[in-house]
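Quick notes on the structure that follows.
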Amino acid sequence: MAEVYEIKDDEGNVLEVLGNDDEPAGETDPTGGEVDGETASDVEPLTAPGPTAGDPEPTATPQAALSIATRASWGARYPDGDLTLTGLAVEVFVHHSVTAQLSPDASIAAEAEQMRALESVGQSRFGTGISYNVVIFPSGRAYQGVSWNRRGTHTGGRNSTSRSICFAGNYETNQPTAAQISTAAAIYREGKQRWWTQGAPLYGHRDVSQTACPGRNLYARLDDIRAGSGSTPPSPGEPGGLVVDGFWGSSTTRRVQQELGTTVDGVVSSQSVAWRDSNPGLTTGWQWVTDAQGSRMIAALQRKIGMASGDQDGKIGPQTIRALQRYLGTPVDGVISRESRAVMALQRRLNDGRI
């Protein structure tokens, strides 16, 4: 009989349940052999809300390269699953970990510590290391759990035919961040014909198990993951972060948008052309117009750096630049020059996963 591990709340409600597939050791994966007497072509997708294999696929593509930190980056210590899988999955399941709820500003070290804690759960219960394929934190950063071609213990009875995307934390009681949703959407789209079939449906764990997983608040956002394009921040502790050059272009804007939880498109919309020539360090992706309405990202940045509510107009300019320079601890002159020290400081902070 398959072994299961349940996580319950104080009232006894099951929030998450992990389990194995109860298969003989050495069994091959469904695309190359049999699983519980069925081949991959025999596995029927569930009927669940959202797109199915027959629905048209969104045409948008991720707006930034997919970036998932390696197992080595967070210090994996235990086995990488229990079985090598040789083909594409036919389903994708979203989970929540019901572990510590880190803030979007949490450090990379804190996230790595939580990855090791998750790994310890899977190892102590099943002896196969971490259960989930990828884990996404409120910062939006993603970490590889059990490798895509190895079997974990995330969705009992379906581990060999599916892959898992886990949100770190409890989303029965907390809301997922915009950065998490964006990252999950990018991973789901990237995985088509790479880790799962083009038509592989995305489900919540609760669709196949007696559990609240992935939590009611995250479950309500599954359509956003299915339909979104998204992007992911650079992998923590690995190459691929922003170049610290002091020029604020589209790449820097995307990272700011990810950290602030606004739309990730690399564009700072509707900014006054009056400030363009005096700020040569603001380069690609800045939309200069004569009748500026402001940008949601700049408004969110103004809130982040502590500007008064009456000054949060979404527009860059000397006042906002001075406030940003003070916040970053760089010289205050109200100008974003070429090779700006303020932009360099911002880029370094973004590479550390914060603003």
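It should be emphasised that the depicted structure is a prediction, and the values quoted were computed from it without experimental measurement.
Taking both residues in full, the closest heavy atoms of Ala200 and Ala89 are given as CB-O, 4.3 Å, listed atom of the first, atom of the second, then distance. The heavy-atom pair separating Gln101 from Pro138 by the smallest distance is NE2-CG, 4.2 Å. Nearest heavy-atom pair, Val134 versus Ala142, reported as atom, atom and distance to 0.1 Å: CG2-CB, 4.0 Å. The shortest non-hydrogen separation linking Ser164 to Ser131 is OG-O, 4.3 Å. When all heavy atoms are compared, the tightest approach of Val135 to Ala168 is CG1-CB, 3.8 Å. Between Glu111 and Ser139, the shortest heavy-atom contact is OE2-OG, 2.7 Å.
Because its NZ or CZ atom is not both nearer than 6.0 Å to the ring centre of Phe93 and within 45° of the ring axis, Arg158 does not count as a cation-pi partner of that residue.
Using modelled atom types, one finds no donor on one side chain facing an acceptor on the other under 3.5 Å when comparing Gln325 with Arg322. Remark: the His95 side chain and the Thr155 side chain contain an N/O donor-acceptor pair separated by less than 3.5 Å. Side chains of Thr183 and Arg141: no donor on one and acceptor on the other come within 3.5 Å. A donor and an acceptor atom, one from each side chain of Thr320 and Gln302, are located under 3.5 Å apart.
Considering only heavy atoms from C-beta on, Tyr327 comes within 4.5 Å of Ile355 through its side chain. In this structure, Tyr143 and Leu118 have side chains that are not in contact, with every pair of non-hydrogen atoms separated by 4.5 Å or more. Between Val335 and Asn279, some side-chain heavy-atom pair lies under the 4.5 Å cut-off. Here the side chains of Glu259 and Pro104 are not in contact, with every heavy-atom distance at 4.5 Å or above. In this structure the side chain of His205 never reaches within 4.5 angstrom of the side chain of His154, judged on heavy atoms. In this structure the side chain of Ile316 never reaches within 4.5 angstrom of the side chain of Leu324, judged on heavy atoms. Between Trp196 and Glu91 there is no side-chain heavy-atom pair separated by less than 4.5 Å. A heavy-atom distance below 4.5 Å is found between the side chains of Val94 and Leu218.
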**Request:** I would like to know whether Gln347 and Thr252 meet side-chain hydrogen bond (donor to acceptor under 3.5 Å, both in side chains); could you show each step before the answer?
**Result:** CA-CA 7 Å; Gln347 290 167 332; Thr252 298; 3.2 Å; yes
**Asked** Are Asn170 and His96 close enough, and set up right, to give a side-chain contact (heavy atoms from CB on, under 4.5 Å), and what steps lead you there?
**Response** CA-CA 6 Å; Asn170 184 345; His96 65 167; 3.6 Å; yes
**Request:** Begin from the C-alpha positions of Tyr171 and Gln180 and carry the test side-chain hydrogen bond (donor to acceptor under 3.5 Å, both in side chains) through to its verdict.
**Result:** CA-CA 12 Å; Tyr171 298 95; Gln180 283 178 300; 3.0 Å; yes
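Under a hydrophobic-cluster definition in which Ile, Leu, Val, Met, Phe, Trp and Tyr are linked whenever side-chain heavy atoms come within less than 4.5 Å, directly or via other members, Ile225 and Trp195 are assigned to the same cluster. Residues Ile130 and Leu102 are members of one and the same hydrophobic cluster, defined by side-chain heavy-atom contacts under 4.5 angstrom among Ile, Leu, Val, Met, Phe, Trp and Tyr. No continuous path of ILVMFWY side-chain contacts below 4.5 Å connects Met344 to Leu328, so the two sit in separate hydrophobic clusters.
Side-chain atoms of Arg226 come within 3.5 Å of backbone N or O of Leu202 as a donor-acceptor pair. In this structure, Thr262 contributes its side chain and Met297 its backbone to no donor-acceptor pair below 3.5 Å. At distances below 3.5 Å, at least one donor-acceptor pair connects side-chain atoms of Gln144 with backbone N or O atoms of Asn133. The closest donor-acceptor contact from the side chain of Gln312 to the backbone of Ala299 lies at 3.5 Å or more, if one exists at all. Judged by distance alone, with hydrogens and angles left aside, the side-chain atoms of Trp288 form no donor-acceptor pair with the main-chain N or O of Asp277 at under 3.5 Å.
In summary, Arg341 and Asp333 do not engage in a salt bridge, as defined by a charged side-chain N under 4.0 Å from a carboxylate O. A salt bridge links Arg151 to Asp82: at least one charged side-chain nitrogen sits closer than 4.0 Å to a carboxylate oxygen.
Within a 6.0 Å radius of CD in Glu113, no more than 12 heavy atoms belonging to other residues, nucleotides or ligands are found. For Arg296, the CZ atom counts as loosely surrounded, since its 6.0 Å shell holds 12 or fewer non-hydrogen atoms of other residues, nucleotides or ligands. Within a 6.0 Å sphere centred on CZ of Arg77, other residues, nucleotides and ligands contribute more than 12 heavy atoms.
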